[in-house]
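Report on the structure given below.
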Amino acid sequence: MPRRHRIRRTVRLLVCIGAALALGGCDTSWNVREREVVRTALDRMTGAAERAKDAPKPPAPKPPRPPKQGEVGLTLFDAVRIALENNQDIQIAGYNPLLAEADLATARSAYDPNLALSNTFGRSKRPIASQLDTGVMREGVLTEDTWQASGGITQRVPTGATVSLTQELNYLDTNSLLIQPNPRYTSRLSAEVNQPLLKGFGDPLARAAIRIATLSAGVTLEDFRQKVMETVSRVTAAYWQVAFDRKMARVYREALEMAREVRRRETVRAGQGISNDLNVARAASAAATREAEVVRAGNRVTNGVDRLKLLLNSPELPIDSEVAVVPIEQPRFFVVDVDRTAAMTLALSRRPELQRARSTIAVNRIRVDVADRQRLPKLDALLRYTLNGLGNDLGASLDSQHLRDPVTWVAGLEFELPLGNRAAQAEHQRRRVEFEQTLLEADRLTDEILQEVSVAVRVVLQGRDEVEATLGARDAAKKVLHGETVRMELQPMDRRTNEELLRAQDLVTATEQDHLLALLNFNLALTELSRSQGSLVEDNDIEIVWPEADRPGRLVPLGARFPPKADPREEASEPGKPAEEVRPDQPKPPPPPAKPAATTKAKPPRGTDTYIGPDNPAGT
């Protein structure tokens, strides 16, 4: 119940009780004791009401933080860095190696020593059946007070043997005259070794579990590395897509401005009688069509920014905010030549899927060996050596435990052979089938990866040629637009039409889109080539970071980050040179383009017409 409701209820109760007391004061039949009880209750409730008034009120809930607005400029390096720090897929995958470590520790615990202790007390009373129970017939009941205590340690060793050392203590106090000494203490110190000679020799089950857990731990690291590569690839693709969408939105706005200018000029000329309504309507239709394109382009930009913010998962860029992420960099182009054979060779040694397949083959090979060993008969050797002690007190019993006293030893063999042994044979057959399947799956995976790398290489080379081809088409379209603009001005007034001019503008927009799309595909192809080779993490100088082992609080998963000096924007300052002041609102200069993959060789520009980037069409 809220505190203010309790206060109101208490005040109302006080008023009712006060009225009752006022009425009861006129009744002389009231008992003095009853009045004291009512007065005490009133004082208690009044004090509670006063304390409730003076109690601090709970803080009012804070209003929700208004969503941020504005624009945040990010380089590709910053986008990848933020994603490595905050992406949820990476964080989820980062816990798997920790689980694998726990599984490995569980497997190794098979060789942990086991300590067992017990302590029991008891009393037994039963009728005697003969004089041999107590020594005399006059005793009708045999009474025994007992105490038993034992402690021992058991240890498995890599040979498969089980070694144990146990100390037992016993106390007996009875009314039997046949027990001497009475009371008495007995002790027994036993050492035992149980060594399998055939089926369990070498402890194949425990050692196989440790080897499998070790391989599984390596697989989880490869899976984490693959998740990092996938995230970097997705962030890079989303970043370039936003840059492309923003660039296309600007192209559509420029096309809209050109159509509006044609419409304005045609409207003025129609008013002067040197144009007709058809040209005005055609220009108005083109302007309306391009305006719709601008709206669609703006929506694509917004959707692309939301996808990028979802991948980044930065608390400074919440998905529900109005912050617009503005890529500072634009897709770049450079002439490259890719060695297909070297790319395939690198993929065969770097792809996490192949590393996982190799580990699976090794695991199944271990399981085949274990199943083969399980078909052997059981033959165990047993050796037990016991020192016995006896005394009228505990110390004397323990002191008598030495080699000069009577000792007990046991040695023997235990043999067991299941007739038919069909269960072990079937298990061995199943493991062999699984092993053969993994071999075929690894071969299929290898072929798929080689085909994927081959496609990635062709896409890079195709993208390189498309960028150069679309660059020439765009330049030619601009010349066509210039010619149509001049031709329209030189046409006679009775034959002047803006149809070809508007068509030339659409051609410029289409070729500009094709060129930007070719640039986008070229940059995406480079990222995909690096991912298909399995070298995307190394190409970006990303390192895997293990959490601190003794860090208190919440468990921290594995992480991925750039090395402290990996940011290309950070330059070593010269001694004595003051650091350059950077304002928070000042955009940071973009880093140089990421270095190409190991199998990608950059060549010098072919000529002055080689395209380097949207901001450098001359290639200078």
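We number each residue from 1, following the sequence as shown.
Between F522 and R332 the shortest side-chain heavy-atom distance does not fall below 4.5 Å. Side-chain contact check for N86 versus P315: some heavy-atom pair is nearer than 4.5 Å. E266 is not listed as a side-chain neighbour of R263, based on a closest heavy-atom distance of 4.5 Å or more. Under the 4.5 Å side-chain criterion, counting only non-hydrogen atoms from C-beta, L526 is in contact with F334. By the 4.5 Å heavy-atom criterion applied to side chains, L98 and P547 are counted as neighbours. With contacts defined as side-chain heavy-atom distances shorter than 4.5 Å, the pair E85/F562 does not qualify.
Around CZ of R365, the count of heavy atoms belonging to other residues, nucleotides or ligands within 6.0 Å exceeds 12. For R356, the CZ atom counts as densely surrounded, since its 6.0 Å shell holds more than 12 non-hydrogen atoms of other residues, nucleotides or ligands. Within 6.0 Å of atom CD in E543, more than 12 heavy atoms from other residues, nucleotides or ligands are found, so the atom counts as buried in its surroundings. Few gaps surround CZ on R358; more than 12 heavy atoms of other groups in view lie less than 6.0 Å from it. Enclosure of atom CZ in R300 by more than 12 non-hydrogen atoms of other residues, nucleotides or ligands within 6.0 angstrom is indicated.
Salt-bridge annotation for R296 and E293: present, with a side-chain N of the basic residue lying under 4.0 Å from a carboxylate O of the acidic one. Note on D506 versus R290: salt bridge recorded, some NZ/NE/NH1/NH2 to OD/OE distance being below 4.0 Å. Salt bridge absent: R430 and E434 never bring a charged side-chain N and a carboxylate O closer than 4.0 Å. Between E427 and R431 a salt bridge is recorded (basic side-chain N to carboxylate O distance below 4.0 Å). Ion pairing between R81 and D78 holds under the 4.0 Å rule for side-chain N and carboxylate O.
Remark: E441 engages no residue in a salt bridge (Lys or Arg N to Asp or Glu O under 4.0 Å) (not counting sequence neighbours). The salt bridge (Lys or Arg N to Asp or Glu O under 4.0 Å) search around R350 returns E538, not counting sequence neighbours.
Here the closest non-hydrogen pair linking W546 and L221 is CZ2-CD2, 3.6 Å. Contact between R340 and S454 at its shortest, heavy atoms only, is NE-OG, 3.1 Å. The shortest non-hydrogen separation linking E222 to P352 is O-CB, 3.5 Å.
A donor and an acceptor atom, one from each side chain of D245 and Q241, are located under 3.5 Å apart.
Exactly one of T236, D539, N540 qualifies for a side-chain hydrogen bond (donor to acceptor under 3.5 Å, both in side chains) with S530. That residue is D539. Screening V219, N96, L558 against F224 for a side chain to side chain contact (heavy atoms under 4.5 Å, CB included) leaves a single residue, L558.
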Starting from the C-alpha separation in whole Å, work towards a yes-or-no answer on salt bridge (Lys or Arg N to Asp or Glu O under 4.0 Å) for E436 and R432. CA-CA 6 Å; E436 296 296 334; R432 287 188 58 188; 5.6 Å; no

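Residue Y252 holds its OH atom at 7.5 Å from OG1 of T509, rounded to the nearest 0.5 Å.
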